[in-house]
Trainee: 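One structure is given below, represented as structure tokens, and several questions about it will come after.
Ligands are counted one by one from 1 in listed order, and the atoms in each one are counted from 1 as well.
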Amino acid sequence: MAFDIEMIKKVYAEMPAKVEAARKMLGRPLTLSEKILFSHLHSDQKLEGFERGGSYVDFAPDRVAMQDATAQMALLQFMQAGRPKVAVPSTVHCDHLISAKVEAKQDLQVATTESKEVYDFLASVSNKYGLGFWKPGAGIIHQVVLENYAFPGGMMIGTDSHTVNAGGLGMLAIGVGGADACDVMAGLAWELKWPKLIGIKLKGKLNGWTAPKDVILKVAGILTVKGGTGAIVEYFGEGATSMSCTGKGTICNMGAEIGATTSTFGYDASMSRYLSSTGRADVAALADVVAEHLTADAEVYANPEKYFDQVIEIDLDTLEPHLNGPFTPDLATPISKMKEVAAANGWPTKVEVGLIGSCTNSSYEDISRAVSLAKQVAQKGLTTKAEYMITPGSEQVRYTIERDGFLDVFSQIGAKVFANACGPCIGMWERVGAEKKEKNTIVHSFNRNFAKRADGNPNTYAFVGSPELVTALAIAGDLTFNPLTDTLTNDKGEQVKLDAPTGDELPVKGFAVEDAGYQAPAEDGSKVVVAVDPASKRLQLLDPFTAWEGTDLKSLRLLIKAKGKCTTDHISMAGPWLKFRGHLDNISNNLLIGAVNFFNEKTDNVKSQLTGNYDTVPNTQRAYKAAGVGTIVVGDENYGEGSSREHAAMEPRHLGVRVVLTKSFARIHETNLKKQGMLALTFADKADYDKIQEDDSIDVTGLTSFAPGTPLTLVLTHKDGSTDTIKANHTYNQQQIEWFKAGGALNIIRKQVAG
Ligand code: MIC
Ligand code: SF4
């Protein structure tokens with residue numbers, strides 16, 4: 001039986017009336033996204049025709065999921081909220097802190113020793129406050145959620161940007177910072193700007209070498225890393241219904257890479273099959289009853305232009321396998337063009353390592369299709385040229401693929417199987433030789449490929465592809481190998497072609513697992529003690545941030561003007577820093593160390609206006625803090641793209657940065673800054689970015705009359721005494737302005753829950 005089945009029953013029982021009320025109010029057919037949004041309005045939220053991209057709306061999500069690297073901060077905040085138990089079903093998943101070094105068993109053992117303190121903390125908080133706990137080794141959050149918790153028509157939030165993966169099962173699943181999760185677990189409303197809607201019609205059917213991954217790689221190429229910002233992407237058409245549920249998950253997962261709020265698909269037979277196969281026939285039966293509400297009204301898909309803000313059509317019959325990269329997930333190259341494009345750009349074409357798995361692509365179908373290629377190595381007298389590595393997404397998948405003999409086939413091509421965890425995808429890869437910083441190429445089926453992400457080497461060129469293509473390229477050892485047309489030389493000197501991959505959508509013998517790694521919370525957690533050692537290097541209880549002083553901000557110093565791409569990886573790096581995710585002061589030592597200083601093009605090297613000398617960003621900022629001098633960070637477009645990690649907002653807050661002023665923000669990061677009581681502003685005129693100089697002293701005025709929709713004024717005083725006055729826009733609503741005034745949203749929650 002499924003977890004929390006009573007909650008699912010309630011959602012379905014209330015859905016028809018809520019959908020009907022919204023349809024009547026709008027007087028038109030509804031998209032699936034709208035049906036889910038309208039049926040999850042918070043009880044205090046009035047039903048109205050919300051403005052897409054404009055209205056802030058209060059929602060009541062059905063559940064919350066958190067992974068260990070973000071759960072620590074989310075739960076440290078929740079502990080301050082003063083509630084005895086979480087208000088909605090919530091889970092914690094231990095997946096980000098396990099390094100990939102030797103192989104699964106050994107690596108897991110090392111992690112459970114090294115991170116014992118953190119795991120014990122998460123387990124005891126979960127036990128006390130009623131959260132489900134998934135132990136290290138159980139799997140990656142999004143895969144475990146898809147296998148156990150996601151349900152068609154539901155709404156969930158998760159403290160990880162790839163929470164969107166659950167759209168594969170027809171949910172609206174949205175990535176948020178820990179403070180948002182904390183609100184929902186504390187029983188408060190969750191606020192989101194009513195999204196715009198992008199419809200993607202999938203014509204035709206996937207065939208041959210083309211996989212679901214190629215759909216999203218293509219979409220990323222079209223929309224770019226910013227193109228989905230503020231929007232929900234809804235997929236439909238014959239290509240959607242003919243695709244597996246887990247394939248849909250892959251597409252939704254990587255929707256994070258185009259900045260989309262989330263992505264989703266209407267309920268169909270593939271979802272019903274997946275639910276039944278993962279032990280949730282009960283959920284499928286319930287969904288069948290309300291099936292008409294779990295997809296858009298027929299008129300919507302017949303005339304999508306009328307109902308979506310943007311419509312894109314992709315023909316799966318002719319879609320080619322793609323490789324996206326290097327260094328950004330939206331640089332899409334069809335495999336047939338790779339020879340030319342790689343040569344023109346000087347990309348290294350020898351593939352050193354192929355990696356499959358991660359939360360994005362580790363379904364049974366993915367693995368079985370990759371196996372069909374691995375089998376051909378022996379059959380056709382080939383050898384695998386590159387190293388090959390697998391990170392299964394869950395223990396259930398791992399156990400099942402082992403039972404079905406897939407791991408044996410992989411081991412014949414020399415594959416390494418790492419723990420069911422994020423591993424190389426998040427820089428927890430102890431890759432031999434990475435410290436030499438050699439220029440090299442890897443291909444993987446993960447979702448992100450920002451510089452240094454996988455192995456810390458800035459000269460690793462990482463390309464994202466389907467598990468099938470990654471496997472073929474690992475066999476060939478060549479980035480430009482096009483398996484559709486090219487041949488390989490075998491041990492007899494013959495030219496052989498790889499046959500197109502084949503596989504099973506779901507295990508014919510069903511899924512199996514011995515210990516899935518789940519730990520239920522205590523019925524009564526009131527006696528459970530959560531201990532945090534004050535001397536700990538990894539955990540630190542939070543102190544509330546101070547409230548706004550009630551005046552304009554005067555004489556802020558420029559900490560850094562970041563140039564170009566500045567993702568959350570640049571602001572708060574992962575990899576070796578993950579171990580400090582529960583200790584705000586210690587992790588603050590990585591503040592912006594990856595950002596490029598506009599004035600000298602260097603990373604982690606900025607001028608201190610206190611001394612005139614250059615130093616690291618954290619040192620410089622700590623000196624400002626000690627001197628009681630507020631600072632400002634300036635950024636370029638889509639600042640804070642990537643992860644949901646709120647550390648990227650809490651670190652600057654903790655160290656005394658007051659304002660982040662950019663050309664534009666990524667959604668989650670902007671909210672995280674607001675939640676922590678920071679000022680997140682954008683240039684009213686983007687060209688004003690050029691007016692910011694290295695020695696500027698900056699005043700922010702208009703704060704005493706800070707109001708929604710009214711821009712603020714910034715006065716830049718340059719070194720030579722001249723000044724520039726510029727306008728800065730913001731998207732704060734009244735509630736968010738209160739957060740700013742209180743010094744952070746948590747200061748308000750604490751009062752609300754107590755009162
Ligand atoms: C990621 O893929 O970057 C992460 C690590 O999963 C992050 C969360 C984190 O920083 O902890 C995400 O995508 O939100
Ligand atoms: Fe883990 Fe990578 Fe998925 Fe993030 S994208 S949850 S790091 S596997």
Side-chain angles (χ1 to χ4, degrees), residues 65-74 92-100 118 134 136 138-146 157-166 173-178 180-181 216 249-250 252-257 259-260 262 329 355-363 366 389-394 397 418-429 444-450 452-454 462 464 567-582 587 590 594 640-651 666-669 671-672:
M66 288 161 286
Q67 42 90 340
D68 50 3
T70 48
Q72 298 171 61
M73 215 33 105
V92 170
H93 304 260
C94 298
D95 52 3
H96 278 62
L97 302 175
I98 305 168
S99 289
V118 170
W134 291 81
I140 308 174
I141 174 168
H142 312 302
Q143 186 62 35
V144 174
V145 165
L146 196 72
I157 59 168
T159 59
D160 189 284
S161 61
H162 293 107
T163 303
V164 293
N165 188 67
I174 302 178
V176 297
D180 281 32
I216 186 62
T250 296
C252 293
N253 180 301
M254 255 195 95
E257 274 52 64
T262 191
L355 304 105
I356 67 163
S358 89
C359 66
T360 330
N361 268 115
S362 55
S363 65
D366 287 335
M389 301 173 179
I390 304 160
T391 42
S394 72
V397 162
F418 291 133
N420 312 317
C422 302
C425 179
I426 188 57
M428 297 295 276
W429 181 19
H444 64 60
S445 72
F446 312 158
N447 40 35
R448 296 203 169 130
N449 54 354
F450 304 139
K452 297 198 203 169
R453 182 166 168 104
V464 183
T567 71
T568 46
D569 280 3
H570 298 80
I571 306 170
S572 173
M573 195 162 281
W577 291 92
L578 283 177
K579 56 177 166 304
F580 298 122
R581 284 289 185 87
I587 196 158
N590 78 0
E641 145 189 8
S643 146
S644 68
R645 63 191 75 148
E646 63 197 322
H647 305 76
M650 293 180 89
E651 294 176 25
R667 174 188 63 89
I668 306 179
H669 187 60
T671 308
N672 286 346

Trainee: Applying side chain to side chain contact (heavy atoms under 4.5 Å, CB included) between F446 and each of N253, V464, L355, report the one that passes.
Mentor: L355
Trainee: Indicate the ring-plane relationship of H142 and H162, choosing parallel, tilted or perpendicular according to the 30° and 60° boundaries.
Mentor: perpendicular
Trainee: Does C422 bring an N, O or S atom to under 2.8 Å of atom 1 (Fe) of ligand 2?
Mentor: yes
Trainee: Sort out for me which residue in L97, I140, I141 forms a side chain to side chain contact (heavy atoms under 4.5 Å, CB included) with C422.
Mentor: I140
Trainee: Verify, without hydrogens or angle tests, whether N420 (side chain) and A138 (backbone) share a donor-acceptor contact under 3.5 angstrom.
Mentor: no
Trainee: With heavy-atom distances below 4.0 Å as the criterion, list the atoms of ligand 1 near T70.
Mentor: 9 (C), 11 (O)
Trainee: When you measure from the heavy atoms of R453 to every atom of ligand 2, does any distance fall below 4.0 Å?
Mentor: yes
Trainee: For atom 10 (O) of ligand 1, which of M73, R645, E257, Q72 has the closest heavy atom?
Mentor: R645
Trainee: Just checking, is any N or O donor in the side chain of D160 or S644 under 3.5 Å from an acceptor N or O on the other one?
Mentor: no
Trainee: Considering only non-hydrogen protein atoms, determine which one is nearest to atom 3 (O) of ligand 1 and report residue, atom name and distance to 0.1 Å.
Mentor: R448 NH1, 2.8 Å
Trainee: So which heavy atom on T391 is nearest to which on S362, and how close?
Mentor: O-CB, 4.1 Å
Trainee: Side chain, backbone, both or neither: which applies to H96 and ligand 2 if a contact is any heavy-atom pair less than 4.0 Å apart?
Mentor: side chain
Trainee: Of E646, E651, H647, which meets side chain to side chain donor-acceptor pair (under 3.5 Å) against S572?
Mentor: E651
Trainee: For ligand 2, which part of T391 has a heavy atom less than 4.0 Å away: the side chain, the backbone, both, or neither?
Mentor: neither
Trainee: For a side chain to side chain donor-acceptor pair (under 3.5 Å) with S363, tell me which candidate from D366, T360, N361 qualifies.
Mentor: D366
Trainee: S644 heavy atoms, cut-off 4.0 Å: which ligand 1 atoms fall inside?
Mentor: 12 (C), 14 (O)
Trainee: Taking 4.0 Å as the limit for heavy-atom contacts, which would you say applies to D160 with ligand 2: side chain only, backbone only, both, or neither?
Mentor: side chain
Trainee: Against heavy atoms of H142, which atoms of ligand 2 measure under 4.0 Å?
Mentor: 6 (S)
Trainee: At less than 4.0 angstrom from any non-hydrogen atom of H162, what atoms of ligand 2 do you find?
Mentor: 4 (Fe), 5 (S)
Trainee: Which atoms of ligand 2 are found less than 4.0 Å from any heavy atom of N447?
Mentor: 5 (S)
Trainee: For atom 2 (Fe) of ligand 2, find the nearest protein heavy atom and state the residue, atom name and distance (0.1 Å precision).
Mentor: C425 SG, 2.3 Å
Trainee: Is it the side chain (CB and beyond), the backbone, both or neither of D160 that lies under 4.0 Å from ligand 1, heavy atoms counted?
Mentor: both
Trainee: In the protein, what heavy atom is nearest to atom 13 (O) of ligand 1, and what distance, to one decimal place, separates them?
Mentor: S161 OG, 2.5 Å
Trainee: Would you give the length of the straight line joining atom NZ of K452 to atom CE of M573, rounded to the nearest 0.5 angstrom?
Mentor: 4.5 Å
Trainee: Verify the distance criterion only: is there a donor paired with an acceptor across the side chains of R448 and S161 at less than 3.5 Å?
Mentor: yes
Trainee: So is R581 close enough to ligand 1, meaning a heavy atom under 4.0 angstrom away?
Mentor: yes
Trainee: What protein heavy atom sits nearest atom 2 (O) of ligand 1, and how far off is it?
Mentor: R453 NH2, 2.6 Å
Trainee: Closer than 2.8 Å to atom 3 (Fe) of ligand 2: does that hold for any N, O or S atom in C359?
Mentor: yes
Trainee: Could you tell me whether M254 approaches ligand 2 through its side chain, its backbone, both or neither, with non-hydrogen atoms closer than 4.0 Å?
Mentor: neither
Trainee: Checking a contact table here: which protein heavy atom is nearest atom 8 (C) of ligand 1, and how many Å away?
Mentor: Q67 NE2, 3.1 Å
Trainee: Provide the closest heavy-atom pair for Q67 versus A69 in the form atom of the first, atom of the second, distance.
Mentor: OE1-N, 2.7 Å
